[in-house]
Every structure is written in structure tokens, then in C-alpha cells.
Amino acid sequence: MDTTSIKNLFKLKSVLIEPKPEPLPSNNDLNDESLEETRKRTYHESGYRDSSRTNGNHSTLSICLDAVYSKFQNEEKEMVEKQKNLKESYVNEQKNRETEIKALFVSQETKEEQLQSKSAEIENHQHTIETLKAEILDLPRNPEKYNIKATRGASAKFWIGLFLLIPITLYLGTFYISTSYSAFFKSFDAKSTIIQSVLDAQALSKAWNEGVIEGAFVTLIPFVFLGLGYLIHMFWENKTRANYIKLGLLFIVTFIFDCILAYEIESKLYELNRTFNSPSFDLKIAFTKIQFWGIIFAGFIVYIIWGLVFDFVMKEHREKDKIKNEQEIRQKKVEFFQEKINVLKKEIEEILASIGTIKETVIKTRGRIEELQNIIDGVIIPTKDYKLYASEYVQGWITFIGEKIAVSRTEKQTMIDDCIVTYNTNLETVGANSDNQNLVYLSSL
């Protein structure tokens with residue numbers, strides 16, 4: 001019953017007959033009447049009786065309400081079954097929290113095992129990285145140690161071969177530009193020497209002056225021989241019977257082409273010095289000329305030398321590539337393991353954060369378990385019940401004022417209002433004046 005109802009009750013009430021003390025209820029009465037109604041009536045009667053002793057003084061009411069609250073606490077404490085029911089939800093929560101802590105400990109142990117495993121994995125990867133880095137540095141010095149068939153002097157041989165290959169290439173270019181121009185386009189002068197007739201320093205410019213076709217032919221013909229030399233390397237690299245046949249045909253074709261150049265040049269030189277009785281120039285005569293063979297071998301032999309040097313340089317380069325490739329493979333492994341380490345470190349950070357969260361949750365859960373244990377060990381005071389019985393007590397108190405205090409109606413209403421204020425103050429003090437009727441008050445009695 002709220003305060004407004006209490007006020008209205010006594011505003012409308014006329015003078016009532018003084019209630020007589022009622023006898024204690026018999027067993028039959030207890031069977032017919034609920035325990036709650038009996039208890040409410042007891043508090044009402046106590047309020048009426050205490051008010052009669054103090055003439056309804058509201059200051060005394062405050063002290064009496066404190067005593068009522070203590071009495072209510074003692075009664076609730078004695079109600080074992082009711083306390084058990086009130087604490088049941090807290091007991092269940094405590095059990096759930098304890099189960100939760102056990103699960104958290106299991107999870108923490110699992111996380112710590114993962115942490116140890118990943119830390120060991122990182123250590124192994126670090127060791128592997130250090131080993132790979134050492135191998136990368138040692139590979140060029142000791143390739144045979146790593147089952148790599150590459151000589152330690154491969155780099156020096158490569159640069160020496162390349163150094164020789166460059167001037168030989170320039171020689172072949174100069175020789176074939178000059179001889180091809182002399183053989184096919186040049187008009188020989190009887191006053192010129194043989195060397196001047198065969199090797200013309202201005203052959204390239206003269207060929208371009210004579211026409212685009214002549215210039216292009218003379219300029220590009222050295223690349224034909226360089227290409228043939230490259231094919232020597234390619235066929236020689238894979239030593240098969242078919243490649244040997246192809247290689248032999250290349251030598252024959254190159255030799256024939258050099259013979260044609262030498263024949264053309266020697267024919268022109270022969271015609272310059274030919275007399276009336278001299279026979280016509282043919283292969284039989286050409287084979288007897290030293291210049292003929294000199295032109296052939298000055299191109300053909302050097303061409304073969306260029307092909308062999310080129311093959312050697314490429315092989316040495318391949319030897320270098322073996323070591324370089326092995327180094328690159330190991331470097332990629334280093335990068336791979338470093339990436340794995342970075343991933344593991346990130347996972348470790350997440351595990352550490354998770355372990356921290358678990359520990360924090362365990363601390364909070366343990367704190368909650370202690371709170372629950374305090375609740376279970378204490379006495380739970382149902383505030384809605386206390387408010388009900390306290391209001392009955394105050395109603396009894398105010399009933400006496402309304403019935404027995406002989407003062408004016410205004411003074412009587414003032415006394416009632418003061419009592420109601422005292423009642424509300426008491427509810428606030430004990431934590432019972434709350435809108436939440438399910439709120440419980442904990443006492444550590």
C-alpha cells in the first residue's frame with residue numbers, strides 16, 4: 001500500500017472502536033489462514049501497540065522501524081527454506097562461474113602450449129635463416145660442398161673469355177665487311193697491293209655510296225657468320241649424333257662460302273695480271289694460290305675460334321649461373337622463413353593478448369564468485385516483502401493516531417504526514433524504496 005492510500009485511509013475514516021487484543025490463532029486457524037496474512041496482521045498489531053505507548057510520535061517511529069527491520073531480518077534468517085530458494089540463483093551462478101574458470105584455465109594452458117610451440121618454431125626458423133645466409137656467402141667459394149658442379153674460377157675464366165671474344169668479333173666484322181665488298185662490288189686497281197685489294201678500310205662507306213642494297217649486304221653479312229658461330233655453341237651444347245651432323249654441315253657451308261669469297265677475290269687479282277698466253281682462271285689455279293688459302297683461313301679459322309670461345313664463355317656463364325641460382329634459391333627460402341616468422345610473431349602477439357584477456361576474465365570471475373559466496377553466506381532480505389510488512393506496521397501506528405489521539409483534525413493529519421515521511425526515510429535507508437520490486441538487500445548477519 002503506497003503513502004497516498006495511507007493518507008486517504010485516515011482522511012475518510014471515522015472514530016473506530018479500539019481493537020481488542022486477539023488471541024493467538026489455533027492450529028485450525030493456521031490451516032485456514034496463510035502464513036503471510038498472519039504475519040501481516042502481527043506487524044499491524046505491533047504498530048498499533050507501539051504507537052499507543054508513544055502517543056504516535058513520529059521520531060519514536062523511526063527508532064521502532066529500525067527495530068522492525070532487525071526483527072524482519074531475524075525472521076528471514078530463520079526461514080531456511082525461503083533463504084535456500086532466494087539463494088538458489090546465486091548458487092547456480094557460482095557453479096557456472098566456477099565451471100567457467102576451469103574452462104578458462106584449460107584455455108589458458110592450451111594458449112601457453114601454443115605459445116611455447118610457436119616460440120620454438122620461430123627459434124628453428126631463425127636457425128634455418130642463419131644457416132642459409134652462411135651458405136649464400138660460402139657458395140661461391142665452395143660450390144662442390146653443396147653438390148654444385150661449378151669451378152671456383154668460373155668468374156675469372158668468364159671475363160677472360162669475354163675479353164677475347166670482343167676483339168675477335170670486331171675482327172670478323174671487319175674481315176667479312178671488307179672481303180664481301182672486295183669479292184662482289186669492288187673494282188681492283190693494278191697499282192694496289194694484294195692487302196689493299198682484299199682489305200679495304202673504306203669498304204663500308206663505299207658500299208653504302210654505291211647503293212642501299214650493297215650497303216645493307218656488306219653491313220649485315222658479318223651477322224650471318226656470328227649466327228653460325230652461335231649455332232656451333234647450341235649444337236655443341238647437346239652432344240647428340242644429329243647435332244654432330246648439323247655441326248659438320250655448318251662447317252662445310254661456312255668453308256664453301258669462304259671459298260667463294262676467296263675465289264672471287266683471287267679471280268679479280270688474276271685477271272689484273274693475266275697475259276695473252278695465261279690460261280683462264282679456274283679452281284685448279286685457285287688451289288695453287290697462297291692468297292686463296294690465306295683468305296679462307298683468315299676468315300674460316302677465326303670464325304671457328306670465335307664459335308669455340310663463345311661456347312666457352314657461355315659455359316662459364318652457366319657455371320656462374322649455377323651458383324647464382326643456388327644463392328637465389330636460398331635467398332627465397334630466407335624470405336619464405338622470414339615471412340613465416342613474421343606470421344608467427346603476429347600469432348604470438350594475439351595469443352599473448354588472449355592470455356591477458358583470459359587472466360583478466362579469471363580475476364573478474366573470481367571476484368564475482370567471492371561476491372556470490374558473500375551473498376550465499378549472508379542473509380538475503382527481500383525488500384518487497386519488508387516494504388509490505390513495514391507498511392502494515394506503519395498502518396497500525398497511524399490507525400492508533402487516527403482513533404485515539406485527541407487533537408484537531410489538522411494536527412492529526414500533520415502527525416500522520418510526519419509518520420509517512422519517517423516511513424519513507426526508513427525505506428530509503430534500508431534500500432527498500434526502489435522501483436525494482438525484485439531488488440534484494442544483502443545483510444552479513
Side-chain angles (χ1 to χ4, degrees), residues 34-40 43 65-124 340-391 426-445:
S34 68
L35 179 62
E36 181 179 352
E37 291 298 324
T38 302
R39 194 177 181 190
K40 285 168 64 178
Y43 275 87
L65 284 173
D66 291 338
V68 168
Y69 183 68
S70 297
K71 175 186 175 184
F72 179 77
Q73 283 182 315
N74 292 328
E75 290 175 349
E76 292 294 325
K77 184 178 180 180
E78 298 300 324
M79 296 178 181
V80 178
E81 192 63 29
K82 182 177 180 181
Q83 287 292 314
K84 183 179 179 181
N85 292 334
L86 289 173
K87 295 175 182 178
E88 184 176 1
S89 62
Y90 299 102
V91 172
N92 293 335
E93 184 183 352
Q94 187 183 51
K95 290 179 180 178
N96 292 336
R97 296 287 185 172
E98 289 173 349
T99 303
E100 182 181 344
I101 280 187
K102 291 179 181 178
L104 287 171
F105 280 137
V106 172
S107 177
Q108 183 176 343
E109 289 177 359
T110 302
K111 295 290 184 183
E112 289 174 350
E113 290 175 0
Q114 291 177 357
L115 185 63
Q116 293 176 356
S117 175
K118 291 185 183 297
S119 297
E121 194 173 350
I122 285 178
E123 188 175 347
N124 292 335
K340 290 193 72 174
I341 287 174
N342 292 336
V343 171
L344 288 170
K345 285 182 177 178
K346 187 175 181 181
E347 291 177 356
I348 284 175
E349 289 177 0
E350 293 176 353
I351 291 173
L352 288 173
S354 178
I355 290 174
T357 302
I358 290 172
K359 289 181 177 179
E360 185 178 350
T361 304
V362 168
I363 293 172
K364 291 181 179 178
T365 304
R366 281 177 171 170
R368 178 57 180 166
I369 289 175
E370 290 179 3
E371 291 177 2
L372 293 170
Q373 189 61 49
N374 290 334
I375 294 173
I376 293 169
D377 292 341
V379 177
I380 298 177
I381 306 302
T383 57
K384 63 178 182 179
D385 289 353
Y386 170 71
K387 191 173 183 179
L388 173 66
Y389 298 126
S391 67
N426 175 260
L427 293 182
E428 292 288 345
T429 302
V430 300
N433 196 15
S434 172
D435 293 334
N436 186 357
Q437 294 301 312
N438 294 323
L439 181 66
V440 296
Y441 176 75
L442 175 63
S443 176
S444 56
L445 293 179

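In this chain, residues are counted from 1 in sequence order. Only heavy atoms go into these numbers, but all of them, side chains included; no hydrogens, no water, no symmetry mates.
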Check whether [X] reaches the backbone of [Y] with its side chain - one donor and one acceptor, N or O, closer than 3.5 Å.
{"X": "S107", "Y": "A103", "result": "no"}
{"X": "S391", "Y": "K387", "result": "yes"}
{"X": "S354", "Y": "E350", "result": "no"}

Hey, could you give me the [atom1]/[atom2] distance between [X] and [Y], rounded to the nearest 0.5 Å?
{"X": "N124", "Y": "L344", "atom1": "CG", "atom2": "CG", "value": "10.5 Å"}
{"X": "E93", "Y": "R97", "atom1": "CD", "atom2": "CZ", "value": "5.0 Å"}
{"X": "K345", "Y": "S119", "atom1": "NZ", "atom2": "OG", "value": "11.0 Å"}
{"X": "N342", "Y": "I122", "atom1": "CG", "atom2": "CD1", "value": "9.0 Å"}
{"X": "I348", "Y": "I355", "atom1": "CD1", "atom2": "CD1", "value": "10.0 Å"}
{"X": "I369", "Y": "I101", "atom1": "CD1", "atom2": "CD1", "value": "3.5 Å"}

Within the 4.5 Å heavy-atom criterion, are [X] and [Y] side-chain neighbours or not?
{"X": "L388", "Y": "K384", "answer": "no"}
{"X": "Q83", "Y": "K77", "answer": "no"}
{"X": "E121", "Y": "K340", "answer": "yes"}
{"X": "Q114", "Y": "K111", "answer": "yes"}
{"X": "D385", "Y": "F72", "answer": "yes"}

Inset, instruction - Might you confirm whether atom CD of E75 has over 12 heavy atoms from other residues, nucleotides or ligands at distances under 6.0 Å? - result: yes
Legend entry - Greater than 12 external heavy atoms within 6.0 Å of K95's NZ: no
Legend entry - Candidates E123, E113, E347 - the one meeting side-chain hydrogen bond (donor to acceptor under 3.5 Å, both in side chains) with K118: E347
Inset, instruction - May I ask you to say whether E36 pairs ionically with K82, meaning some side-chain N is under 4.0 Å from a carboxylate O? - result: no
Legend entry - Salt bridge flag under 4.0 Å for residues K84 and E81: no
Inset, instruction - Specify whether Y69 and Y386 have parallel, tilted or perpendicular ring planes, treating 30° as the upper limit for parallel and 60° as the lower limit for perpendicular. - result: perpendicular
Inset, instruction - Heavy atoms only: give me the nearest K87-D377 pair and the separation to one decimal. - result: NZ-C, 4.4 Å
Inset, instruction - Decide whether E112 and Q108 meet the rule of one side-chain donor and one side-chain acceptor closer than 3.5 Å. - result: yes
